[in-house]
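We use all heavy atoms of the structure for the numbers below, so side chains are in, but hydrogens, waters and symmetry mates are not. Please read these numbers as outputs of a predicted model, since none were measured by experiment.
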Amino acid sequence: MLSNLRILFNNAALRKGPNSVVRNFRCGKPLQSQVQLKGRDLLTLKDFTGEEIQYMLWLSADLKFRIKHKGEYLPLLQGKSLGMIFEKRSTRTRLSTETGFALLGGHPCFLTTQDIHLGVNESLMDTARVLSSMTDAVLARVYKQSDLDILAKEASIPIVNGLSDLYHPIQILADYLTLQEHYGSLKGLTLSWIGDGNNILHSIMMSAAKFGMHLQAATPKGYEPDPNIVKVAEQYAKENGTKFSMTNDPLEAARGGNVLITDTWISMGQEEEKKKRLQAFQGYQVTMKTAKVAASDWTFLHCLPRKPEEVDDEVFYSPRSLVFPEAENRKWTIMAVMVSLLTDYSPMLQKPKF
């Protein structure tokens, strides 16, 4: 597959001439797609069509191939700066965003709660306006989705959700890129969620059906996803002819699933609930017993960090586990998000099959 991508890229470059690639880095017109995301916010995948999400994944694959496999330097974000607001600590979100933005020639600026208190020392409105005057975009990892909504309303630059209580859209982009690379296509896959009805599940619910993927979710009683998001997911499934089901039985959700997915049972801010949650999630650990009822080509995803009670070592470190390619793809997908929101660059590679 890699050799085919090289041929496609080289042929495209030859047709355009030796200097065309450089010309299109910063201000060229889209070469192969009419999707235009420049200037948009990314708060939730609910706001994006299937075609638009596919475009971001296509751009991710393009950047990954050109930079990682061909060794090219693409200064697509040269002269641009990114404000990074982190109310919650992070490994993958911070590293992927900082290194990815810098790799593209931009300057990321990391702000913790020691540097900025959203809505405390300064109103969200004022913060949004100040950041708009000094940076080209903001990625915010916050406790409340409502804070992101206010930032987006008041800012004149793109606001990107780095995680909130309701959604984690940039994680799901990495998940989908990983699955596309592994299976060759997303359409028809059955995703089996086993765990908390949290922001990761919400983001899958807002996007899976748009790719023709089915979703089977198991959560303990009292830990179901948000009812309003459930209604939207049911509508998406109806519109796209896919299946969406919820249960309290992990094995029922895993049955026939191509992709077994789980996440932390105790998110940041829920530490006081640890004892109660560990008890409620008994029986939800993903093991080879879970995998036995899944499809023969099953794989496993976890956004990390992982605790052994969520998935045992046999599954987590098995050849079926895609968790480390999934983690790496956080970098390529956030790079694609920034490029799509801040530039006119368009992928040079032929669009992958979704």
Discussion item. If we ignore hydrogens and angles and just use 3.5 Å, is the side chain of His202 paired with the main-chain N or O of Asp226 as donor and acceptor?
Written reply: yes
Discussion item. Check Arg255 with Asp249, please: is the shortest side-chain N to carboxylate O separation under 4.0 Å?
Written reply: no
Worksheet item: Just by distance, do the side chain of Glu252 and the backbone of Asn248 share a donor-acceptor pair under 3.5 Å?
Response: no
Worksheet item: Stepwise, does the salt bridge (Lys or Arg N to Asp or Glu O under 4.0 Å) test hold for Glu328 with Lys68?
Response: CA-CA 11 Å; Glu328 180 195 339; Lys68 180 179 180 179; 2.8 Å; yes
Worksheet item: Short question: side chain of Arg141, backbone of Arg89 - any donor-acceptor pair under 3.5 Å?
Response: yes
Worksheet item: Is it the case that Tyr345 and Ser340 place a side-chain donor and acceptor less than 3.5 Å from each other?
Response: no
Worksheet item: Between Thr262 and Gly195, is there a donor-acceptor pair closer than 3.5 Å when you use the side chain of the first and the backbone of the second?
Response: no
Worksheet entry | Over-ring placement of Arg94 relative to Phe110, 6.0 Å and 45° cut-offs | yes
Fill in: side chain to side chain donor-acceptor pair (under 3.5 Å) partners for Glu326, two or more places apart
Gln171
Worksheet item: Can any side-chain N or O of Arg129 pair as donor or acceptor with the backbone N or O of Ala155 at less than 3.5 Å?
Response: no
Worksheet item: Between Arg40 and Phe48, is NZ or CZ placed under 6.0 angstrom from the six-membered ring centre and within 45° of the ring axis?
Response: yes
Fill in: Residues Asp115 and Thr112: side-chain donor-acceptor under 3.5 angstrom
yes
Worksheet item: Without hydrogens or angle criteria, can the side chains of Thr287 and Asp312 be said to hold a donor-acceptor pair below 3.5 Å?
Response: no
Discussion item. Using a 3.5 Å distance criterion without hydrogens, assess whether the side chain of Thr242 forms a donor-acceptor pair with backbone atoms of Ala209.
Written reply: no
Worksheet entry | Whether Lys353 side chain and Lys187 backbone form a donor-acceptor pair below 3.5 Å | no
Practice prompt. Mark yes or no for whether Gln216, through its side chain, and Ala253, through its backbone, hold a donor-acceptor pair below 3.5 Å.
Written response: yes
Discussion item. Taking the ring of Tyr223 and the ring of Phe281, is the distance between their centroids below 6.0 Å?
Written reply: yes
Practice prompt. Going by the side-chain contact (heavy atoms from CB on, under 4.5 Å) test, name the single residue among Val160, Thr333, Leu45 that passes it with Ile170.
Written response: Val160
Worksheet item: Is the side chain of Tyr176 donor-acceptor paired with the backbone N or O of Gln54 at a distance under 3.5 Å, no angle test?
Response: no
Worksheet item: In terms of side-chain heavy atoms, does Asp165 have a donor or acceptor partner in Asn199 at a distance below 3.5 Å?
Response: no
Practice prompt. Would you kindly say whether Thr127 and Glu122 are connected by a side-chain donor-acceptor distance under 3.5 Å?
Written response: yes
Worksheet item: Can you find a pair of side-chain heavy atoms, one from His302 and one from Val311, that are under 4.5 Å apart?
Response: yes
Discussion item. Tell me if a side-chain donor or acceptor on Asn240 pairs with a main-chain N or O of Gly212 at a distance below 3.5 Å.
Written reply: no
